[in-house]
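Both ligands and their constituent atoms are indexed starting at 1 by order of listing. Bear in mind that the values here come from a model prediction, so they are computed numbers and not experimental data. The figures that follow rest on heavy atoms only: side chains count, while hydrogens, waters and symmetry mates do not.
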Amino acid sequence: MEMEKEISAIVSHAENALQAVDTADVAALPHRVEDLKSKFIGKNSEINNVYRLMKNVAPADRPVFGKLVNDAKKRIEDRILSFESACEELVLRFRLSAEQIDVTLPGKSAGKGALHPLTLARNLLTDYFISLGFEVADGPEIETDYYNFEALNTPADHPARDAQDTFYIDGSGGKYLLRSQTSATQIRTMENKKPPIKMIAPGRVYRADEVDATHSPVFHQLEGLVVDKGITMCDLKGILDALAKHLFGESVATRFRPSFFPFTEPSVEVDASCVKCGGKGCKACRGAGWIEVLGAGMVNRAVLRNCGIDPQKYSGFAFGVGIDRIANLLYGINDMRVLFENDVRFLRQFR
Ligand code: PHE
């Protein structure tokens with residue numbers, strides 16, 4: 001009888017302890033449950049200690065006593081385990097509501113970037129030529145005198161070198177330089193590929209010019225080169241006129257003026273009718289009605305020969321467009337310094 005009382009006291013002890021847990025303090029619940037488990041169903045729990053009293057019970061009563069303890073133990077365990085799963089549920093719901101995201105709140109802008117106008121102009125040019133089946137080539141910005149001048153039919157004493165005030169690399173004895181024109185990629189391409197060749201090469205070039213509204217010691221060109229059997233000046237005129245119309249609109253006209261480059265013969269400078277005034281003459285074209293956009297010509301036979309291409313069999317044309325020039329014309333920029341100053345108020349306009 002004594003034992004029975006003691007056992008039911010243990011059960012109600014556990015039940016009271018469960019009742020006493022403050023379930024509103026959700027953050028502390030997992031610890032409370034652990035405490036309850038070790039106190040009431042762990043190895044040293046009160047109910048487990050009752051088994052030790054078995055030796056004091058008369059052998060005949062032991063089965064009854066054992067059942068009593070087992071039932072009590074089971075009851076305590078069931079209570080605590082179902083309390084535990086109820087707590088887990090509470091904790092989960094608490095976490096879900098704490099982590100809820102209000103998708104209707106206005107967002108914070110991370111500030112969208114924009115492509116630089118030079119990148120826009122370069123993409124416009126390269127996409128156009130890619131659509132015509134041109135391959136895009138690349139070349140080093142630190143070039144050798146050979147690729148930048150010599151192989152382009154411009155030997156050391158050639159007066160054309162004066163037009164490109166070149167940065168030479170100190171201590172290289174005039175061998176290495178910062179390329180002054182993307183034309184160097186013509187040679188690299190022709191050395192590595194047999195005709196037919198259709199390539200463009202956009203990139204940075206350098207000349208020792210003072211900075212002003214129309215000059216910068218670093219600027220950008222896009223070189224073009226086509227070499228195949230039967231390429232003529234008509235092909236050159238056709239493709240460059242189509243380019244001008246693609247860039248500036250169908251109504252734009254082009255004109256080809258005789259010019260000179262050592263690596264092309266004949267050579268031309270190509271003008272487009274002024275985008276602003278349509279050819280009447282305005283401030284942008286200084287009254288001329290025309291704006292110079294690029295240099296071009298038929299690849300000089302000496303250049304083909306330098307690259308191991310037989311000029312009896314093949315002919316080609318080449319051109320070099322100033323990308324900065326094109327960006328200025330497309331976006332109405334009249335001082336190229338803004339292209340390099342990275343003033344966000346300027347750059348933001350291209351978003
Ligand atoms: N490389 C020339 C320049 O920078 C442009 C050009 C390229 C001319 C290809 C003819 C052919 O002025």
Side-chain angles (χ1 to χ4, degrees), residues 122 125-126 129 134 136-141 143-155 158-167 177-190 197-209 214-228 231-233 235-241 243-244 254-272 291-304 306-307 309 311 314-326 328 336:
R122 188 198 61 205
L125 286 160
T126 50
F129 285 106
F134 281 69
V136 181
D138 200 8
E141 289 176 26
E143 258 301 0
T144 63
D145 184 84
Y146 177 77
Y147 286 106
N148 195 79
F149 288 127
E150 195 81 31
L152 285 161
N153 204 31
T154 319
H158 199 290
R161 288 207 182 196
D162 292 347
Q164 302 187 2
D165 198 353
T166 308
F167 289 114
L177 46 79
L178 294 180
R179 69 176 178 191
S180 62
Q181 50 187 354
T182 45
S183 301
T185 60
Q186 286 186 35
I187 306 301
R188 291 185 177 275
T189 301
M190 285 188 283
I197 293 169
K198 273 171 92 179
M199 78 89 183
I200 51 165
R204 252 185 232 125
V205 296
Y206 304 83
R207 289 181 200 176
D209 286 327
T214 55
H215 293 87
S216 162
V218 50
F219 59 103
H220 305 79
Q221 290 185 329
L222 180 130
E223 195 78 10
L225 173 72
V226 172
V227 181
D228 202 352
I231 297 293
T232 71
M233 192 92 185
D235 299 308
L236 171 67
K237 287 191 77 171
I239 211 166
L240 294 181
D241 187 71
L243 172 67
T254 50
R255 75 175 182 187
F256 292 68
R257 282 183 288 107
S259 185
F260 177 82
F261 300 103
F263 36 91
T264 48
E265 182 60 34
S267 302
V268 288
E269 265 166 325
V270 182
D271 298 340
I291 288 176
E292 189 196 320
V293 286
L294 56 87
M298 300 307 291
V299 180
N300 194 307
R301 297 162 66 89
V303 173
L304 292 177
N306 287 342
C307 301
I309 293 174
Y314 294 102
S315 56
F317 66 75
F319 57 87
V321 200
I323 299 177
D324 317 69
R325 202 41 175 325
I326 300 296
N328 291 350
M336 77 184 289

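Proximity to Phe319 (heavy-atom distance under 4.0 Å) selects the following atoms of ligand 1: 7 (C), 9 (C), 11 (C). Heavy-atom contacts of Gly320 reach the following atoms of ligand 1: 6 (C), 7 (C), 9 (C) (cutoff under 4.0 Å). Of all atoms in ligand 1, numbered sequentially from 1 with element shown, those under 4.0 Å from a heavy atom of Ser183 are 1 (N), 7 (C). Taking every non-hydrogen atom of Gly295 and a distance limit under 4.0 Å, the qualifying atoms of ligand 1 come out as 6 (C), 8 (C), 10 (C). Atoms of ligand 1 found under 4.0 Å from any heavy atom of Phe263, numbered from 1 in the order shown, are 1 (N), 2 (C), 6 (C), 7 (C), 8 (C), 9 (C), 10 (C), 11 (C).
Salt bridge present: Asp145 and Arg161 bring a charged side-chain N and a carboxylate O closer than 4.0 Å.
Residues Ser180 and Phe149 form a side-chain contact, since some pair of their non-hydrogen atoms from C-beta on lies under 4.5 Å apart. With a 4.5 Å cut-off on side-chain heavy atoms, Phe219 and Met336 count as touching. A 4.5 Å side-chain heavy-atom check between Pro202 and Ile323 finds at least one atom pair inside the cut-off.
Judged by distance alone, the side chain of Glu292 and the main-chain N or O of Asp271 form no donor-acceptor pair under 3.5 Å.
Separation of the Phe319 and Phe261 ring centroids does not fall under the 6.0 Å cut-off.
Checked against a 3.5 angstrom limit, the closest N/O atoms of Ser180 and ligand 1 fall outside it. Polar contact with ligand 1: absent for Gln186 (N/O pair, distance under 3.5 Å). Here's the thing with Gln221: one of its N/O atoms is less than 3.5 angstrom from an N/O atom of ligand 1. Backbone and side-chain nitrogen or oxygen atoms of Thr264 are examined, and none is located within less than 3.5 angstrom of a nitrogen or oxygen of ligand 1.
When hydrogens are left out, the protein atom nearest atom 12 (O) of ligand 1 is Phe261 CE2, 3.8 Å; that is the closest non-hydrogen contact.
Under a 4.0 Å heavy-atom criterion, Met298 is not in contact with ligand 1. The shell of residues lying under 4.0 angstrom from ligand 1, judged by heavy atoms, excludes Phe317.
The proximity of Arg207 to ligand 1, defined as any non-hydrogen pair under 4.0 Å, is limited to the side chain.
Cation-pi geometry between Arg207 and Phe167 is not met at under 6.0 angstrom from the ring centre and within 45 degrees of the axis.
Between Phe260 and His158, the ring planes are parallel. Angles under 30° get that label, and only those over 60° would be called perpendicular.
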>> Is there a salt bridge (charged side-chain N to carboxylate O under 4.0 Å, His left out) between Glu223 and Arg188? Walk through the geometry before answering.
In response: CA-CA 12 Å; Glu223 195 78 10; Arg188 291 185 177 275; over 6 Å; no
